[in-house]
Amino acid sequence: MKLISALILLCTATAALADPFPTGNALAGQKLFVKYDCNQCHNKIMKGDGNKIFTRIDRKRNTPEGLIEQIGMCGGNVDVHFTPQETQYLAAYLNRFYKFK
Ligand code: HEC
């Protein structure tokens, strides 16, 4: 029994450590995403559902760092300079698509 509890503890600790956006918050990120209408261009690029830009086979960003960098670049597209915290929020939201561990 003790061993099982220890194992469960170990697993949750590892999962917490592995979170690529530890200070992120997907819900706050989604609000920003909607507020700045982030998919306005992506919808056009993907000819429909802009979210598909995050899961297409030849997507550009394949690391958490790359995603952070792209959020900074695309923030410029909507004339916003996201704070590091806002960037974490957006990354946590977008990680629903990217699924970085
Ligand atoms: C002015 C148009 C425009 C706006 C607005 C815009 N984007 Fe983008 N976004 C692009 C383009 C262009 C690409 C790159 C497409 C390519 O290279 O194939 C892109 C790509 C991305 C990618 C990378 C997709 C991949 O291939 O992995 C992310 C992440 C992203 N945008 C996030 C955002 C976020 C967050 C916002 C809102 C703050 C936003 N974008 C607003 C034009 C825009």
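One-based numbering, in listed order, for ligands and for the atoms of each. Quick caveat: nothing in here was measured; it's all calculated off a predicted structure.
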Note to self: Just verifying a value: how many Å separate T63 OG1 and L67 CG, rounded to the nearest 0.5 Å?
What the structure shows: 8.0 Å
Next item on the list: Distance to 0.1 Å, residue and atom name: give those for the protein heavy atom nearest to atom 8 (Fe) of ligand 1.
Entry: H42 NE2, 2.0 Å
Item checked: Same apolar cluster (I L V M F W Y, side chains within < 4.5 Å links), L90/V78 -> yes
Check: Considering only protein heavy atoms, which is closest to atom 3 (C) of ligand 1, and at what distance to one decimal place?
Finding: C41 SG, 2.7 Å
Item checked: Residue L67 vicinity, atoms of ligand 1 by number, heavy atom under 4.0 Å -> 29 (C)
Margin query: For the residue pair N43 / D49, report whether a side-chain donor-acceptor contact shorter than 3.5 Å exists.
Written below: no
Margin query: What verdict does the side chain to side chain contact (heavy atoms under 4.5 Å, CB included) test give for Y98 and T55, after you've listed the backbone C-alpha separation in whole Å, the side-chain angles of each residue and the deciding distance to 0.1 Å?
Written below: CA-CA 7 Å; Y98 284 86; T55 51; over 6 Å; no
Check: Going by heavy atoms, is M73 under 4.0 Å from ligand 1?
Finding: no
Note to self: Under 4.0 Å from atom 14 (C) of ligand 1, can you find at least one protein heavy atom?
What the structure shows: no
Checklist line | Atoms in ligand 1 flagged as close to F54, the criterion being non-hydrogen separation under 4.0 Å | finding: 28 (C), 29 (C), 30 (C)
Next item on the list: Would you check the N or O atoms of R59, main chain and side chain alike, for any that come under 3.5 Å of an N or O of ligand 1?
Entry: no
Item checked: Stepwise side chain to side chain contact (heavy atoms under 4.5 Å, CB included) test for I53 and R59 -> CA-CA 7 Å; I53 201 168; R59 74 173 181 206; over 6 Å; no
Next item on the list: Considering the heavy atoms of F82, write down every atom of ligand 1 situated less than 4.0 Å from one of them.
Entry: 38 (C)
Notebook entry, point to check: In terms of atom number and element, which parts of ligand 1 are under 4.0 angstrom from non-hydrogen atoms of I45?
Noted result: 11 (C), 12 (C)
Next item on the list: Could you tell me whether K60 and ligand 1 have an N or O pair separated by under 3.5 Å?
Entry: yes
Check: Which class fits the ring pair H42 and F54: parallel under 30°, tilted 30 to 60°, perpendicular over 60°?
Finding: perpendicular
Check: Is any N or O atom of Y98, backbone or side chain, closer than 3.5 Å to an N or O atom of ligand 1?
Finding: yes
Note to self: Between F82 and Y36 (judged by ring centroids, cut-off 6.0 Å), do the two rings come close enough to count as a pair?
What the structure shows: yes
Note to self: Please classify the Q70 to ligand 1 contact at 4.0 Å (heavy-atom distances, strictly less than): side chain, backbone, both or neither.
What the structure shows: side chain
Next item on the list: Report the part of V80 in contact with ligand 1, treating N, CA, C, O as backbone and CB onward as side chain, heavy atoms under 4.0 Å; options are side chain, backbone, both, neither.
Entry: neither
Item checked: Gap separating the CZ atom of F33 from the CG atom of N39, nearest 0.5 angstrom -> 3.5 Å
Notebook entry, point to check: Can you hop from I45 to F97 via hydrophobic side chains spaced under 4.5 Å?
Noted result: yes
Note to self: Which residue is it: R61, E65, K60? I am looking for the one with a side-chain hydrogen bond (donor to acceptor under 3.5 Å, both in side chains) to Q70.
What the structure shows: R61
Notebook entry, point to check: When you measure from atom 43 (C) of ligand 1 to every protein heavy atom, which one gives the shortest distance, and what is it?
Noted result: N77 ND2, 3.1 Å
Next item on the list: Among all protein heavy atoms, pick the one closest to atom 39 (C) of ligand 1 and tell me residue, atom and distance.
Entry: C74 CB, 3.3 Å
Checklist line | N25 side-chain N/O to Y89 backbone N/O, donor-acceptor pair under 3.5 Å | finding: no
Next item on the list: Looking only at protein heavy atoms, identify the closest one to atom 41 (C) of ligand 1 and say how far it is in Å.
Entry: C38 O, 3.3 Å
Note to self: Out of all atoms in ligand 1, which are within 4.0 Å of some heavy atom of V78? Include the element for each.
What the structure shows: 5 (C), 38 (C)
